[in-house]
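Report on the following structure.
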Amino acid sequence: GNAAGAVVGQSVPVTNFRSAGSPQGPSLAAPSPSLAVLQAVVSPEEHSDAAGAVVRDVEIDTLDLAHGAFAGLIMAEASAALETHFGRRLGEASLEVQMFVQVGRALQARHYLAAQRQRTRTYDAVRRVLETVDLLAFPTTICAPPRPDEYVLDVGGVERTAMEAIAWLTWLANFTGLPAISVPCGFTGAGLPIGLQLAGRAFADADVLTLAHAYQQRTDWHRRRPPA
């Protein structure tokens, strides 16, 4: 786990980035569940001259409970929005849309309120971590981009829906409302693009954009195209 964290430090250039309280540049933290994936998506040799970042592993409390709460909120709010949009034509919607509506209907007000309380606890936990580091760095997804006809994916021996796998690491910024960005950082062995996600403190959008820009000044992944 620590080795993967060190890899990130060498791979994220911060030469043009300054952060209050961190004179040598920002510190980047990778939530523990993502470290193995980070080691696979970021090459330490390619940007070994990148300097100024202090990298360390962090743990965010309550994430296990938070993911379930986020799923509940998504189902409830998507159900309300989709049912209004489709109305009596819901039967014409995709199976996935119909599932969202049906599950959302089953959720009660007490479930929704419990999820909102968990959202506050998770925000506070992430805020505490971001008092010790400037940004969080982790993969954008836990899998390579799926084909349009791939609805179920095998991720580390666990079957997940394509939507679930794609959103598995992006939900935290959505749940807490913190600024985040994804930048291209490489390709899989099959030539599919991989993203690096950066998330920052509330209202620190400029910090997130500055580091993302600095990364793209040192790399050309965003200019490359996957093979046809």
Side-chain angles (χ1 to χ4, degrees), residues 31 33-34 37 60 62-127 136 138-156 158-184 188 192-206 208-209 212 222 225-226:
S34 303
V37 187
I60 300 175
T62 78
L63 281 189
D64 290 342
L65 295 174
H67 196 273
F70 175 73
L73 289 179
I74 284 291
M75 291 295 183
E77 295 179 3
S79 175
L82 293 170
E83 197 161 15
T84 300
H85 176 74
F86 283 99
R88 295 181 180 179
R89 298 181 295 108
L90 182 60
E92 302 173 11
S94 68
L95 184 61
E96 195 168 45
V97 167
Q98 294 184 50
M99 179 198 71
F100 266 77
V101 172
Q102 294 299 332
V103 173
R105 285 174 176 172
L107 294 172
Q108 300 177 11
R110 61 189 179 90
H111 300 140
Y112 188 81
L113 291 174
Q116 290 288 14
R117 294 189 190 101
Q118 183 58 51
R119 183 205 294 264
T120 300
R121 287 190 288 269
T122 302
Y123 174 82
D124 288 341
V126 175
R127 179 180 52 78
L136 301 176
F138 41 98
T140 303
T141 66
I142 59 173
C143 62
R147 297 189 309 270
D149 59 347
E150 284 186 296
Y151 298 104
V152 178
L153 305 175
D154 184 334
V155 181
V158 178
E159 283 195 350
R160 303 191 187 280
T161 66
M163 178 177 289
E164 179 186 22
I166 290 173
W168 193 259
L169 296 176
T170 57
W171 69 271
L172 184 60
N174 289 332
F175 192 49
T176 57
L178 296 175
I181 192 171
S182 174
V183 292
T188 66
L192 295 173
I194 298 171
L196 173 67
Q197 185 181 178
L198 303 169
R201 300 177 182 129
F203 306 111
D205 304 52
V208 176
L209 291 171
H222 58 292
R225 296 291 181 270

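When all heavy atoms of Phe86 and Val97 are compared, the closest pair comes out as CE1-CG1, 3.7 Å. Across every non-hydrogen atom of Ala162 and Leu153, the tightest pair is CA-CD1, 4.0 Å. Of all non-hydrogen atoms in Gly72 and Leu107, the two that sit nearest each other are O-CD1, 3.2 Å. The minimum heavy-atom distance between Pro226 and Pro193, with the atom names listed, is CG-CD, 3.9 Å. Shortest non-hydrogen contact noted between Ala115 and Phe175 is O-CZ, 4.0 Å. For the residue pair Val208 and Ala199, the shortest heavy atom distance occurs at CG2-C, 4.2 Å.
For the salt bridge (charged side-chain N to carboxylate O under 4.0 Å, His left out) test, residues two or more places apart in sequence or in another chain that qualify with Arg127 are Asp124, Glu131. Applying the ring pair (Phe, Tyr, Trp, His ring centres under 6.0 Å) rule to Tyr112 yields no partners; only residues at least two apart in sequence or on another chain are considered.
Remark: Asp154 CG is packed, more than 12 non-hydrogen atoms of other residues, nucleotides or ligands lying under 6.0 Å away.
Of the inter-residue distances, the one linking Leu65 atom CG with Thr122 atom OG1 reads 8.0 Å to the nearest 0.5 angstrom. Between the CZ atom in Phe100 and the CG atom in Leu82 there is a gap of 8.0 Å [rounded to 0.5 Å]. From Ser79, atom OG reaches atom CE of Met99 across 11.0 Å, with rounding to the nearest 0.5 Å. Distance check: Glu92 CD to Gln98 CD gives 10.0 Å after rounding to the nearest 0.5 Å. Here the straight-line distance linking atom CG of Leu113 with atom CD of Gln108 works out to 11.0 Å at 0.5 Å rounding.
Side-chain N or O atoms of Arg119 include none that pairs as donor or acceptor with a backbone N or O of Ala69 at under 3.5 Å. Using modelled atom types, no side-chain atom of Thr62 and backbone atom of Ala66 make a donor-acceptor pair closer than 3.5 Å.
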### Task
Evaluate side-chain contact (heavy atoms from CB on, under 4.5 Å) for Leu178 paired with Leu136, printing each intermediate quantity in order.
CA-CA 11 Å; Leu178 296 175; Leu136 301 176; 6.0 Å; no
### Task
Show your reasoning for whether side-chain contact (heavy atoms from CB on, under 4.5 Å) applies to Gln116 and Leu73.
CA-CA 8 Å; Gln116 290 288 14; Leu73 289 179; 3.9 Å; yes
Could you list the donor-acceptor pairs under 3.5 angstrom formed between side-chain atoms of residues 164-173 and any protein atom two or more places apart in sequence or on another chain?
unit_1 : atom_1 : unit_2 : atom_2 : d
Glu164 : OE1    : Thr161 : N      : 3.4
Thr170 : OG1    : Ala167 : O      : 3.4
Trp171 : NE1    : Trp168 : O      : 2.9

